[in-house]
Peer 1: 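Got a structure for you, written out below as structure tokens; questions coming shortly.
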Amino acid sequence: MRVFNVVIAGVGGQGVLLTSKIISETALLQGFDAKQSEVHGMAQRGGSVISHVRFGEKVYSPIVSEGEGDLLIGFEPLETARYIHFLKKDGIVLYNTYRVSSITVSIGAEKYPDDIDEIIRKNAKNVFALDGTKLAVEAGDKRALNVVLLGASLKFLPLDKNIVLKALENSISKKVLAINKKAFELGLEFFNDIK
Amino acid sequence: MKVILSGNEAIARGFYEGGGKVVSSYPGTPSTEVTETLAESYKDKGIHVEWAANEKVAFEVAIGASLSGVRSMACMKHVGVNVAADPLMTVAYTGVNGGLILMVADDPGMFSSQNEQDSRHYARFAKIPCLEPSDAQEAKDFVKKSFEISEMFDTPVILRTTTRISHCKSVVELKDGEIIEGRGLQRDFQKYVMLPVNAQKRHVFVEERLKKLKEFAETTELNIWERGSSALGIITNGISYQYAKEAFPEASFLKLGMTWPLPENKIKEFARSVEKLVVIEELDPIIEDTIKAIGVEVHIGKNRFPLCGEYSKTLVYEIVSGEKVEKKEPLTNLTKRPPTFCPGCSHRGLFTVLSKLKPFVSGDIGCYTLGALPPFTSMHSCICMGASVSGAHGIAMGLKTQGIKDKPVAIIGDSTFIHSGITGLINMVYNQGDAIVVIMNNDTTGMTGGQEHPGTGRKATGEETVKLNIEKLCQLIGAKRVIEIDTYNLKELEQIFKEEMEKEGPSVLISNDPCVLRYRVSKKPLSVNKEKCTACKMCLKVGCIALTFIEKAEAKYTEIDPLLCNGCTVCQQMCKFDAIEGGEK
Ligand SMILES: Cc1ncc(C[n+]2csc(CCOP(=O)(O)OP(=O)(O)O)c2C)c(N)n1
């Protein structure tokens, strides 16, 4: 298989890393070569974060180049827009519509763009939106957003649902497994009727 | 078995597989997870893992362990090597008993660093080998290789990664751990006691060793010649290899896994076999300078490649081919999202008060460095770990000679204070300085992800241990006024600052509230009573992402996101109209 390129973007603390970890681990379990890149440290303090996952027969660079992405998973609308240029022409955007304010907005130095959803739709052909934060809260914990989006992204990833679940079970503690399984299902079901 | 590991996790695994026994490190992005992984996953494998007080201590512990006869390693970020440089330059002379690795992670692009130095200079400087993996598999394999080279040539070895090696995950084949017999403690006056008489002989040894290492570089499988088209030959290292290989799959490659010393004959031969020679290495031209010095022509190197920042596949392709790649540009004018204090962070109240009082703040490195950004802009210098305290003393003395009265404030975290602030405070007290030193003791090394340190009372493995009492330590140093502060009480904190500003001599203020992220502290979220809110925006001065100012035609007010608010009440104390409600004390 040619290399499949995923970009995952969000706000530090939203759990972007877990989602990319599960995707790359699943890819490995399905026999692909896989690479994943992430940023730790400073940016995690509420800053903008991006993670790359690439899998296929043979992967060299761990970074998705601009204009190469097959799928962009956005944890937050503004962060989705920030990395939308990573998508190729017919690439797919899947994003969480729940907005998280930025510190520049909170101190009144900048405005959060009201038309952020439009901006996203204007800059990509295939856009799929959901309020993942609401679904996570429904599952029992706002922190399960990453697993909601993981579930939802399977519609657009050449990965096997059962193997993803296995990788997920290996990665999270037993205590929160029930909540996360629920979150995963809610995400998975969301785009069910889309062909 | 095959698994996906980050470069750092792979190095931890390599340490175990390679029979390593003692690891002592100081946290620093992007190196931290090597030691964290060892502490979490390999502590039952007969490995001693510890966080040291700083990098110099860490490396000296590793040197000691090597002397005792076991394989050892110290891990740090690039600037950590500056701290450990003193022992490094001389252990290069003594050599080792058990294999000794200094693992260093550089940060091209400065994702979380104060400079972009290239640590390979240290290998050249100390005349010791430098190994550079280009993915996680190599990261693991090169640990064992480093131990072998270290013992074979009687030398410490630098194992160097960059952010993209340390934090990128790729597939790694696991093996069993090797059993390496301990060599026992070595007593050898001429080898280990660096008095001039001995050091003079050891310097000669170092030069001889470097010659032998050069010969080794010619034949080692660390340096791989991948024969491809003769039209283009690329000499490269680390992550640049991956970018170049994807951009020019047909080219010939000389991939250097050992980047010091370099295989000069092999390089000459490779250069002769290709029409166009390109050297691709991030940061400084360490490889390129050597190639030029041996009289080989480099067609494309730093004449076109940048010295600053990290590279990418696109950048490599564009520079080598001379063609522009068509790509979309990022959207312009998007609202920015810089990092910021977490909701509830103990640093917030401190900087809220400082941004009102406006003293000169001599800063340091940690989460509190974010106090330099808006809305606080209350940090006026930040150079390296520990520099806040010594720097503030220098400022006070400099001002005194100019007859200016403007007492500076130093701000330093607990981990940083233990790392290199203590000596600064001793110096300030001894020399009768005149500054306020604020120690933000949040019981963790926050910025790097919450590691233990001597002040937390827990070791790297989580086991309980002696807890350093920072307050008592400051008193013992001789500081006369050591005061505990509550950064969640703005009025009281302001009053303390005002009083201490008027007094002469050093004051030490210590905040003991825990890191809310590390210890998951959270109280009931607050809310805004829209009727009472006058839209004065005073609350926004606390710089908290839980707050948003809403501007609608009908009304203007602040809103609090209940999913983000931590209930710390700092914004509430700023409100003169009691519009922010809720809050426990
Ligand atoms: C010499 C050196 N080593 C390591 C680092 C990485 N580093 C940056 S901040 C920091 C410590 C932060 O801890 P602390 O001082 O307790 O403050 P906090 O972040 O918890 O507020 C470390 C280890 C560095 N910048 N320089």
Side-chain angles (χ1 to χ4, degrees), chain A residues 11-13 20-21 24-25 27-28 32-48 52-53 59-63 65-68 76 78-79 81-87 89 98-113 116 119 123 133 137 142, chain B residues 2-4 6 29-30 32-33 111-113 135 163-164 167-171 239 241-243 245-247 249 312-314 325-331 334-343 367 370 373-375 447-449 517 537 540-541 543-549 551 561 563-564:
Chain A
V11 179
S20 47
K21 175 176 182 274
S24 57
E25 279 175 4
L28 173 67
F32 295 119
D33 186 18
K35 283 191 180 170
Q36 176 196 336
S37 170
E38 50 199 39
V39 170
H40 297 237
M42 191 113 176
Q44 282 175 302
R45 300 283 164 275
S48 162
H52 308 246
V53 184
V59 182
Y60 288 103
S61 167
I63 316 286
S65 301
E66 292 99 331
E68 192 182 56
E76 199 281 337
L78 184 57
E79 296 318 305
R82 197 181 312 282
Y83 299 104
I84 208 155
H85 61 289
F86 275 90
L87 279 184
K89 260 204 192 107
Y98 187 86
R99 300 175 183 189
V100 178
S101 177
S102 144
I103 186 63
T104 58
V105 173
S106 295
I107 65 175
E110 286 189 300
K111 284 220 166 89
Y112 193 103
I116 192 71
I119 295 178
N123 284 284
T133 301
V137 171
K142 65 176 175 180
Chain B
K2 280 188 177 172
V3 293
I4 278 213
S6 69
T29 317
T32 312
E33 300 80 13
F111 291 94
S112 7
S113 301
D135 62 17
T163 300
R164 295 302 188 183
H167 286 167
C168 284
K169 297 190 171 188
S170 57
V171 182
I239 194 69
Y241 165 77
Q242 308 291 354
Y243 301 146
K245 187 77 184 172
E246 198 163 313
S312 68
K313 181 176 71 182
T314 308
V325 175
E326 232 198 280
K327 55 177 185 275
K328 279 189 268 180
E329 292 301 319
L331 300 180
L334 271 187
T335 306
K336 292 181 273 305
R337 192 187 299 276
T340 179
F341 296 134
C342 302
C367 286
L370 296 170
L373 302 180
M447 179 98 278
T448 44
L517 186 65
K537 296 190 182 176
L540 303 185
K541 292 198 173 185
C544 179
I545 44 166
L547 306 182
T548 309
F549 191 69
E551 265 182 294
D561 183 337
L563 291 185
L564 288 173

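All values below come from the heavy atoms of this structure, side chains included, with hydrogens, waters and symmetry mates left out. Values in this document were obtained by computation on a predicted structure and should not be read as measured data. Below, chains carry the letters A, B, ... as their sequence lines are ordered, and counting in each starts from 1.
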Peer 1: Pick out which of Glu110(A), Arg82(A), Glu79(A) makes a side chain to side chain contact (heavy atoms under 4.5 Å, CB included) with Leu334(B).
Peer 2: Arg82(A)
Peer 1: Among Leu331(B), Thr548(B), Thr163(B), Leu517(B), single out the residue with the greatest number of heavy-atom pairs under 4.5 Å to chain A.
Peer 2: Leu331(B)
Peer 1: Just wondering, do Ile84(A) and Lys328(B) contact through their side chains at under 4.5 Å, heavy atoms?
Peer 2: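 Of all side-chain heavy-atom pairs linking Ile84(A) with Lys328(B), none is under 4.5 Å.
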Peer 1: Between Lys327(B), Glu551(B), Glu246(B), who has the most heavy-atom pairs with chain A when the cutoff is under 4.5 Å?
Peer 2: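 The candidate making the most pairs under 4.5 Å is Glu246(B).
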Peer 1: Distance from Ile545(B) atom CD1 to Ile103(A) atom CD1, nearest 0.5 Å?
Peer 2: 7.0 Å
Peer 1: Identify which part of Glu329(B) has an atom lying under 4.5 Å from any heavy atom of chain A, answering side chain, backbone, both or neither.
Peer 2: backbone
Peer 1: As an exercise: rank Pro338(B), Pro374(B), Ser6(B) by heavy-atom pairs under 4.5 Å with chain A and give me the winner.
Peer 2: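 Option with the greatest count: Pro338(B).
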Peer 1: Measuring from atom CZ of Arg164(B) to atom NZ of Lys35(A), what distance do you get when rounded to the nearest 0.5 angstrom?
Peer 2: 13.0 Å
Peer 1: Can you measure from NE2 (His167(B)) to CD (Gln36(A)) and round to the nearest 0.5 angstrom?
Peer 2: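 Going from NE2 on His167(B) over to CD on Gln36(A), the span is 11.5 Å.
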Peer 1: Between Val11(A) and Arg337(B), is there a side-chain heavy-atom distance shorter than 4.5 Å?
Peer 2: yes
Peer 1: Could you tell me whether the side chain of Lys336(B) reaches within less than 4.5 Å of the side chain of Ser102(A), counting heavy atoms only?
Peer 2: no
Peer 1: Under 4.5 Å heavy-atom distance to chain A, tell me which part of Cys342(B) shows up: side chain, backbone, both or neither.
Peer 2: side chain
Peer 1: Pick whichever of Gly543(B), Pro330(B), Ser170(B) has the most heavy-atom pairs under 4.5 Å with chain A.
Peer 2: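 Between Gly543(B), Pro330(B), Ser170(B), the count favours Pro330(B).
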